[in-house]
Amino acid sequence: MGADGITPRGEDFSRWYQDIVQKAELADHSPVRGCMVIRPNGYAIWEKIQQGLDRLIKQTGHQNAYFPLFIPESFIHREAEHIEGFAPELAVVTHAGGEKLEEPLVVRPTSETIIYSMFAKWVQSYRDLPLLINQWANVVRWEMRTRLFLRTTEFLWQEGHTAHATDEEAETETLQMLEVYRRFAEEWMALPVYAGLKSDSEKFAGAVRTYSIEAMMQDGKALQAGTSHNLGQNFAKTFELQYQTADNRMDYCWNTSWGVSTRLVGALIMGHSDDKGLVIPPRLAPLDAVLVPIYKSDEQRTAVLEYAAGIEEELIRADFMIRTDAREQFTPGWKYAEWEMKGVPVRIEAGPKDLEKGHVVLVRRDDRSKRFVPRDGVADALRETLETMQRDLFEKARAFRDERTIPVDSYGDFRDYMAADRGFARAHWCGGAGCEEKVKEETKATIRTVPVEEEAREDGTCVVCGAASPRRVIWGKAY
RNA sequence: CGGGGCGUAGCGCAGUCUGGUAGCGCACCUGGUUCGGGACUAGGGGGUCGGAGGUUCGAAUCCUCUCGCCCCGACCA
C-alpha cells in the first residue's frame, strides 16, 4: 500500500477499486449482506448521472412515472422465460401487518410485469401509442456475490418501458435508446463503448433481442454499462396489452425496455481513476474545482482569503460548483492529496505570489499539469480546462481500449490472448451456442457484443469451429 | 453454495503457535512553532479483541458454533 493508503492498480486491481470506493468515501457496506450505503460523495455522482441522462430521456419524448416496489408474485410467474431468468434472485415478502399475506409480494427485480399490466388499462387504440415511460427506482436482486456499485443486492437505476403499434417502431425505439446510452457513456462519462447485440445466451430473459453498450475497464475486462431490449409481444400477450388498429382489428403491442444503473459509478471509477484516487470526467463531477488558499503570516492570511473569496464569488456567478478549502489544520500539500483522492477535476491554488502577480494556478487532476492564468480570466480558463480534460479523458480511454482490442484469427491465439488478460478480441463466430459455450468454459471469455452495423460485415470462419461467419464479434472477460 | 484468506481503537497492523495488567503507526483532542506537494513538538483521550457458548484460578490466545468481509469458482446489470 502506498503512503496515501491506496493499493496500486498494478498490484491488485480489485483491492485498488475497493480502496478508491472507501477512501473517496463513495460507499460503504450496510449491515445487510450485499447491500450498499451510497455516501454523499458517491450519491452526488449518481445525481449528476441522473440529471444528464434524464434530460436525454425526456428529449427523446419519454415521461417519468413511478410504479410500486411490490409486485404480486403471480405476475412474475406469468411470463415463462422471464421467471426462469429471475426466480433464484427474488426477494419475497410473505408477511405484513402482522399476518401472513394471502399472496406473497415480490420486491421488484425489474418492473416489466407491473408496468405492462398497467399499460393494458391505459391503451385502447393505436391513437394511445406509442406510450413512452421511464422510471427512476430501486430494484432488488439476490445475488450470490456482490461488489460495491458493480453488483449489489439493491441498486438504483432507471428503467424505460414503451409500447408501440409495430415491431419496426419498437426496434427503432430500442436502437434509439441504445444510441442515447452510447452518447451518454462517451460524451458525459468519457468512456468509449462498443454498442451491439447480445448473443442468445446473454440476452435478457423475456426479450426477443437485447442490445448493450460495453466499456473496457483499466484491467482489460468488460463492463456492461447499459442495456436496451426489444421485448417483442412477449409481455403484451402475457398481460393482455392490446390496442385497436386503424382498420378496426385488435393487435398486441410491441414493447421495449432499457436501463442503466448505479453500476455506472463503478464504470467511472474503473475507467479513469489512478493510484492517487478518483478521477471523474468534469461533466459528471459534483464539484468543478476546489480552491486552496496558501499563506504564512496573518497579514497574508487575510489578504489571500479575501483574494480567494473574490475568485470564488466570481466563479459561482459564472455557474461553477466550487469550494474553498480554508481549513486551518491542514497544510496545502495535505489538501492537494485529499482532493486528488476525491477526484475534484481542477485545483485552484492562490497564495501571496499569485496575489502579487494578479494570477492563480490551475492544476488538472488527471495529468496534474499546472497553468498560471490571470485573475480576471479565471472563469474562462477554468471552463476551457474542464472541457479539455473531458476530451483528453475520453481520448486516453479510447486509445487504451483500441490498443487492447485486437483481431484474432486462430483459436490458439485466442486462448493465449485471453489467458494474458489484456482486453478484447475481435474474432469470427459462426453464431452457434456450442462454440460460445466452449470458449466460456475454456477461457472464461464471453461474447460481449455482436456489432450490427453494415460496415461490420466481413466474411470469415468461426475461430472455434471453422464454419462460415458473417462478422467478427467482440469477446472479453466480463464483470 | 464449494475452495482459500481475514476479523484486535476511526484506518492499517503486531500480539494468538507456547493462556497471566491489550500494544504500535496514522488519524483524533489541547498548547506552541509551522504552512507553494501529505509539517514538528509536548501532553492527552479512545478498545465488550466480530458474536455466542465452553475449558480454566485466569482466554485476544485453547475448543465448539455462528456472523461478516475479501479472493477464486458456479449465477448475474
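Below, chain A is the first sequence line, B the second, and so on; all start at residue 1.
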For a quick check of understanding: with a heavy-atom distance under 4.0 Å over all strands, which category does [X] fall into, base, sugar-phosphate or nothing?
X	value
A/Lys444	sugar-phosphate
A/Arg327	nothing
A/Gly266	nothing
A/Lys353	base
A/Phe204	nothing
A/Val361	base
A/Asp12	nothing
A/Thr262	nothing

Partner nucleotide of [N] by Watson-Crick or wobble geometry (both distances under 3.5 Å):
N	value
B/rU34	none
B/rC26	B/rG10
B/rC1	B/rG73
B/rU56	none
B/rG47	none

Rounded interatomic separation in angstrom, taking [atom1] from [X] and [atom2] from [N]:
X	N	atom1	atom2	value
A/Lys296	B/rG36	NZ	C1'	7 Å
A/Arg368	B/rG38	CZ	C1'	11 Å
A/Glu441	B/rG73	CD	C1'	13 Å
A/Leu90	B/rC75	CG	C1'	13 Å
A/Asp19	B/rC11	CG	P	13 Å
A/Tyr17	B/rC70	OH	P	11 Å
A/Arg301	B/rU34	CZ	C1'	14 Å
A/Arg145	B/rA74	CZ	P	10 Å

Would you say the ring centers of A/Tyr417 and A/Trp475 fall short of 6.0 Å from each other? no

[X] side chain N/O closer than 4.0 Å to the phosphate oxygens (OP1, OP2) of [N]?
X	N	value
A/Arg147	B/rC69	no
A/Thr331	B/rG38	no
A/Gln18	B/rC71	yes

Say whether, by atom type as modelled, one donor and one acceptor occur between the side chain of [X] and the main chain of [Y] under 3.5 angstrom.
X	Y	result
A/Ser228	A/Thr174	yes
A/Arg347	A/Glu340	no
A/Asn255	A/Thr162	yes
A/Lys335	A/Arg327	yes
A/Ser297	A/Gln300	yes

Any donor-acceptor N/O pair under 3.5 Å between B/rG37 base and A/Glu340 side chain: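 Indeed, a donor on one side and an acceptor on the other fall under 3.5 Å apart.
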
So which one's nearest nucleotide on RNA chain B is more toward 5', A/Ala205 or A/Ala350?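 Whichever sits nearer the 5' end wins; that is A/Ala350.
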
Comparing nearest nucleotides in RNA chain B, the 5'-proximal residue of the pair A/Cys35, A/Leu355 is A/Leu355

From [options], pick the nucleotide closest to the side chain of [X]?
X	options	value
A/Tyr336	B/rA77, B/rG37, B/rG38	B/rG37
A/Val363	B/rG37, B/rG38, B/rC70	B/rG37
A/Arg141	B/rA77, B/rC69, B/rG36	B/rA77
A/Arg33	B/rC69, B/rC70, B/rA77	B/rC69
A/Ser14	B/rC70, B/rG73, B/rA77	B/rC70

With rounding to whole Å, what would you report as the distance between [N] and [M] at their [atom1] atoms?
N	M	atom1	value
B/rG23	B/rU16	P	15 Å
B/rU55	B/rG19	C1'	11 Å
B/rA39	B/rC26	P	12 Å
B/rA42	B/rC6	P	37 Å
B/rG15	B/rG7	P	10 Å
B/rC13	B/rG5	C1'	16 Å
B/rC11	B/rG58	P	32 Å
B/rC71	B/rG12	P	15 Å

Using a strict heavy-atom distance below 4.0 Å, which residues from residues 212-234 of chain A are in contact with RNA chain B? A/Gln224

Residue pairs, two or more places apart or on separate chains, that pass side-chain hydrogen bond (donor to acceptor under 3.5 Å, both in side chains) and touch residues 350-363 of chain A: A/Asp354-A/His359

Among A/Ile311, A/Thr324, A/Ile348, exactly one meets side-chain contact (heavy atoms from CB on, under 4.5 Å) together with A/Pro293. Which residue is that?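 Single pass found, and it is A/Thr324.
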
Where does the angle between the aromatic ring planes of A/Phe235 and A/Tyr116 fall among parallel (under 30°), tilted (30 to 60°) and perpendicular (over 60°)?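 Ring orientation of A/Phe235 relative to A/Tyr116: tilted.
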
Determine the interplanar angle of the A/Phe239 and A/Phe75 rings, folded into 0 to 90°, and report it as parallel if under 30°, tilted if 30 to 60°, perpendicular if over 60°. tilted

Does a sphere of radius 6.0 Å around CZ in A/Arg55 hold more than 12 heavy atoms from other residues, nucleotides or ligands, not counting ones at 6.0 Å or beyond?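 Open: at most 12 neighbouring heavy atoms sit under 6.0 Å from CZ of A/Arg55.
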
